[in-house]
Amino acid sequence: MIALSITDHIAVLTLNRPAARNAMRIADWDDLAAAIRDLSPVVRALVLHGGDSFCAGADLRELETLRDDPAMRPRFRLAMASAIEGLAACPVPVIAAIGGGCYGAGVALAIAADMRIASPDAVFATTPARLGIGYPATDVARLAQRVGQGNAARMLFAAQPIAAAEALRIGLVEQLADDPLAAAQSLCRTIAANAPAAVRLLKRVLRHPADPGHDAAFDARFGTAAFAEGLAAFARKRKPDFP
């Protein structure tokens, strides 16, 4: 289900189970976590997409088996967390390109990315209350941080779908585009043209602003070859060539 391609420093991770609207089984969460963990060091930006239907969340047929198999419940939770937290911790910028439905754990996956670009027909819903189950605490916290406590409560308690325009209004997504994959790849090309180590540092600051190591890392960048190249390119009015 998980397909990976890399072109010109840009990785594209594709959820490829269209017959099930990209519903994720435990094995799929494992494969996604492994794909993120084993990304080539040449990658400077990552796009996650699912074609016409981003992700329907966890596979309901597999969830049904958890009723009578208590031992599998933590296995499911940990597999899902490994993939979602792995995406959040990915050292390079991650853009979720969202078309069609984005439901349940699919929303948790999308908000683990750094940015989200959705098609105008995209639909979002966090539906655990409708199924009589919960939502992992880390994902609840990330949703509240993304859209605010009140909007997170509305999405979780009501479990009703919201349209792409509403998702843009409340900050669940940053951009709407007719072709979210193409828009995400275009943004990734812009990101990949910048100094990769600097971009990774900036992402660490965004994700962990209280880390005491940021000041030393900021100071150290002035002694790098990348800074020298950036200055030279600026002086000569050319594009920088960062290794």
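Position 1 is the first residue of the sequence, and the numbers go up from there.
Side-chain atoms of Glu174 come within 3.5 Å of backbone atoms of Arg116 as a donor-acceptor pair (strictly under, hydrogens ignored). Side-chain N or O atoms of Gln185 include none that pairs as donor or acceptor with a backbone N or O of Val47 at under 3.5 Å. With hydrogens and angles disregarded, no donor-acceptor distance shorter than 3.5 Å links the side chain of Asp30 to the backbone of Ala27. Put simply, the side chain of Asn22 gets close to the backbone of Phe54: a donor and an acceptor are under 3.5 Å apart. Judged by distance alone, the side chain of Glu229 and the main-chain N or O of Pro240 form no donor-acceptor pair under 3.5 Å.
In terms of hydrophobic clustering, with Ile, Leu, Val, Met, Phe, Trp and Tyr side chains grouped at heavy-atom distances under 4.5 Å, Leu181 and Leu187 are assigned to different clusters. Residue Val94 is grouped with residue Val107 when hydrophobic side chains (ILVMFWY) are merged at heavy-atom distances under 4.5 angstrom, including chains of intermediate members. In the hydrophobic clustering of this structure, Tyr135 groups with Leu172; members are Ile, Leu, Val, Met, Phe, Trp, Tyr whose side-chain heavy atoms approach within less than 4.5 Å, directly or through other members. The same ILVMFWY cluster, assembled from side-chain heavy atoms under 4.5 Å apart, contains both Ile162 and Leu168. Ile2 and Ile10 fall into different hydrophobic clusters, where Ile, Leu, Val, Met, Phe, Trp and Tyr side chains are chained together by heavy-atom contacts under 4.5 Å.
Across all non-hydrogen atoms, the minimal contact from Arg200 to Pro91 is CG-O, 3.4 Å. Across all non-hydrogen atoms, the minimal contact from Met115 to Pro93 is CE-CB, 4.5 Å. Across all non-hydrogen atoms, the minimal contact from Ala83 to Ile36 is O-CD1, 3.9 Å. Of all non-hydrogen atoms in Phe124 and Ala118, the two that sit nearest each other are CZ-CB, 4.0 Å. In terms of heavy-atom proximity, Leu156 sits nearest to Ala129 at O-CB, 3.6 Å. Minimum interatomic distance between Ala58 and Ala105 (heavy atoms only, all atoms of both residues): N-CB, 4.0 Å.
Side-chain contact between Asp114 and Lys203: present, with at least one pair of heavy atoms (C-beta onward) separated by less than 4.5 Å. Within the 4.5 Å cutoff, no side-chain heavy atoms of Pro18 are placed close to those of Asp52. Between Asp139 and Glu85 there is a side-chain heavy-atom pair separated by less than 4.5 Å. By the 4.5 Å heavy-atom criterion applied to side chains, Leu15 and Leu109 are counted as neighbours. Proximity of Val12 to Ser5: side-chain heavy atoms (C-beta onward) are separated by under 4.5 Å at one or more points. Looking at Leu63 and Leu66, their side chains come closer than 4.5 Å, going by heavy atoms from C-beta outward. Between Met155 and Leu143, the closest side-chain pair of non-hydrogen atoms falls below 4.5 Å. Using a 4.5 Å heavy-atom cutoff, the side chains of Phe76 and Thr65 are not in contact.
More than 12 heavy atoms of other residues, nucleotides or ligands sit less than 6.0 Å from atom CZ of Arg17. Other residues, nucleotides and ligands place more than 12 heavy atoms under 6.0 Å from the NE2 atom of His214. The neighbour count for Arg67 CZ, taken as heavy atoms of other residues, nucleotides or ligands under 6.0 Å away, does not exceed 12. In Asp219, the CG atom is crowded: over 12 heavy atoms of neighbouring residues, nucleotides or ligands sit closer than 6.0 Å.
The distance from atom CZ of Arg21 to atom SG of Cys55, rounded to the nearest 0.5 Å, is 10.0 Å. Distance CD1/Ile111 to CZ/Arg142: 6.5 Å, rounded to 0.5 Å. Annotation: the span from Ile191 atom CD1 to His9 atom NE2 amounts to 14.0 Å, rounded to 0.5 Å. For the atom pair CD (Gln160) and CZ (Arg130), the distance works out to 7.5 Å, reported to the nearest 0.5 Å. Between the CG atom of Leu4 and the CG atom of Leu13 there is a distance of 5.0 Å, given to the nearest 0.5 Å. Note that CZ of Arg75 is 12.0 Å distant from CE of Met80, once rounded to the nearest 0.5 Å.
Looking only at atom types and distance, the side chain of Asn16 has no donor-acceptor partner in the side chain of Thr14 under 3.5 Å away.
Salt-bridge check for Glu166 with Arg169: passed, with a basic side-chain N closer than 4.0 Å to an acidic carboxylate O.
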For Ile84 and Trp29, what are the C-alpha separation, side-chain angles and deciding distance, and is it a side-chain contact (heavy atoms from CB on, under 4.5 Å)? CA-CA 8 Å; Ile84 293 172; Trp29 292 116; 4.1 Å; yes
Apply salt bridge (charged side-chain N to carboxylate O under 4.0 Å, His left out) to residues Arg44 and Asp8 and explain how you reach the verdict. CA-CA 9 Å; Arg44 297 185 182 183; Asp8 296 332; over 6 Å; no
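When each of Phe242, Phe222, Phe218 is tested with Phe227 by the rule ring pair (Phe, Tyr, Trp, His ring centres under 6.0 Å), just one qualifies, namely Phe222.
Cluster partners of Phe234 are absent, since no Ile, Leu, Val, Met, Phe, Trp or Tyr has side-chain heavy atoms less than 4.5 Å from it.
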